[in-house]
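Scroll down for the structure; my scribbles are underneath it.
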Protein chains: 2
Amino acid sequence: MSIAKRRLSPEASRGMALAAARDLLIESGPQSVTLKAVAGRIGRTHANLLHHFGSASGLQKALAAYLSDEVCGVIAQAIMKTRSGEGTVRDIVDLTFDAFDKQGAAALWSWMMLTGNEDALDPIVDAIHALVDDIGEGGHEDHEMHEDTLALVLMALGDALIGERLSGSLDLARNSARDMAERQLGHALERWQQEHEA
Amino acid sequence: MSIAKRRLSPEASRGMALAAARDLLIESGPQSVTLKAVAGRIGRTHANLLHHFGSASGLQKALAAYLSDEVCGVIAQAIMKTRSGEGTVRDIVDLTFDAFDKQGAAALWSWMMLTGNEDALDPIVDAIHALVDDIGEGGHEDHEMHEDTLALVLMALGDALIGERLSGSLDLARNSARDMAERQLGHALERWQQEHEA
DNA sequence: TTTGCTATTGACATTTATGTAAGTAACCTT
DNA sequence: AAGGTTACTTACATAAATGTCAATAGCAAA
């Protein structure tokens, strides 16, 4: 009696579902990422998602890993370009801030905190750690660099959540936080440079 | 057939409910702040909360206003002490960070973002704005001070959400973000001082 | 073509949060 | 002490999210 649709490979099916979940997260927030909504976006049923991900929290974990790779990949690429002289410090800042804002990392983190799904945070932390390894690849990985990275990520996350409302209330430009982060990171990079020469 | 409990004034009832909601928010996250859970904490029924707050989102808004006043009141007090020489810069930083972490402001903001209840954010923004007015009360309210305030709040929010996980992953002390904020705010205060004298 | 595997579906069950309505009883006023 | 106001409760209704299970059917291999 059922009208089964075209069969996809498990990988393809999971990939479409995760992309749809990411879009839903960015557009409408974590609460809108339900099995029914995600399934509807890719023309499937919620039972189908349960088949592929096992449970709703399984989908959450998979989405966290998916988003982390995507986000950190973009940022790592920008850092590489900067190191080779092709990009600017501002590029790193913008990409990091965009990752949390437009790419949904901030919304995801809120969701994980809300649902108390701590396991799902692991892939994000791992991805950021890998990102730091990338930055310090030139054999230069010290305490201060880790601190500056922490500051950059914290400000990016905070800005994604309340930047718009708060900067407006304080009569500041929307990109004030990015400007500050750029100045800070610029100083940090100069410092690293000097230490590297010494 | 009903065993009606002792009648409280609407104000007392609302106050107990809001305190219980705050505790629940801090202990178990936004998702645990339901009508049933809050009512259970104060020995009432969920219908009673609907009677006092009109709806679930009415409770959310009331909680936002309640938390904002509480949090910003504490911070404003610390700033006053610092201005009069009784407190340190570190006190301001610690109180701000605690407000978002231990007092639940970060969880509240995540909740508002999650539920898309933008109206509920108004009292928080207003409270922070009032806080800035307090800081600049000595007739000293300029662009840079607003920027430094923004940076402090953003880092406090980010640290409350991911500070523990991230600092651990980067082999940093849990209070690294607070140390950085303290240094930044210290420099800013010195700068204000110099400009004030000039 | 036939057979096996499994992606996919529809129907049902469960849980939980929110909301409505009517009745009960506590407290204040007169 | 009587009566009115309303805080409070129980019972019911509704909607949405998650999960289970058997049945169907697409696709590849034999």
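Every chain is numbered from 1, with letters handed out A, B, ... down the list of sequences. Note: hydrogens, waters and symmetry copies are ignored here, and every other heavy atom, side chains too, is used.
- In terms of the side-chain contact (heavy atoms from CB on, under 4.5 Å) criterion, residue partners of T96(B) (sequence neighbours excluded) are, by chain and number, I75(B), I92(B), F100(B), L152(B), A156(B).
- Rounded to an integer number of Å, the gap from CZ of R7(A) to P of dA7(C) is 6 Å.
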Check against salt bridge (Lys or Arg N to Asp or Glu O under 4.0 Å), R22(B) and E27(B):
CA-CA 9 Å; R22(B) 177 204 53 202; E27(B) 291 171 19; over 6 Å; no

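- Contact between L150(A) and A177(B) at its shortest, heavy atoms only, is CD2-N, 4.2 Å.
- A salt bridge links D122(B) to R165(A): at least one charged side-chain nitrogen sits closer than 4.0 Å to a carboxylate oxygen.
- Counting only distance, with no hydrogens or angles, the side chain of R14(B) and the backbone of H52(B) share a donor-acceptor pair below 3.5 Å.
- The interatomic distance linking R44(B) (CZ) with dT24(C) (C1') rounds to 15 Å, in whole Å.
- As rounded to whole Å, 18 Å separates atom C1' of dT24(D) from atom CZ of R6(A).
- Following rounding to the nearest Å, H52(A) (NE2) and dT20(D) (P) show an atom-to-atom distance of 16 Å.
- Side-chain N/O atoms of T45(B) include one lying less than 4.0 angstrom from OP1 or OP2 on dT9(D).
- Taking CD of E164(A) as the start and CZ of R174(A) as the end, the distance is 5.0 Å to the nearest 0.5 Å.
- When the C1' atom of dA17(C) is taken as reference, atom CG of L59(B) falls 13 Å away, rounded to whole Å.
- Rounding to the nearest 0.5 Å gives a distance of 7.0 Å between CH2 of W111(A) and CG of L25(A).
- Atom pair N48(B):CG and dT6(D):P shows a separation of 15 Å (rounding to whole Å applied).
- Residue-to-nucleotide proximity on DNA chain D shows that, of A47(B) and S57(A), the 5′-proximal contact is made by A47(B).
- Ion pairing between a basic and an acidic side chain is recognised when a charged N comes within 4.0 Å of a carboxylate O; D94(B) and K102(B) show no such pairing.
- Contacts of G43(A) with the nucleic acid, taken as non-hydrogen atoms under 4.0 Å apart, involve only primed sugar atoms and P, OP1 or OP2.
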Show the distances under 3.5 angstrom between N or O atoms of the protein and N or O atoms of nucleotides 13-18 of chain D.
| residue | atom | partner | partner atom | Å |
| --- | --- | --- | --- | --- |
| dT18(D) | OP2 | L35(A) | N | 3.0 |

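- Using a 4.0 Å cutoff on non-hydrogen atoms, the parts of residues 10-25 of chain B near DNA chain D are P10(B), S13(B), ordered by number.
- Straight-line distance from the NE2 atom of H51(B) to the P atom of dT24(C): 18 Å, rounded to whole Å.
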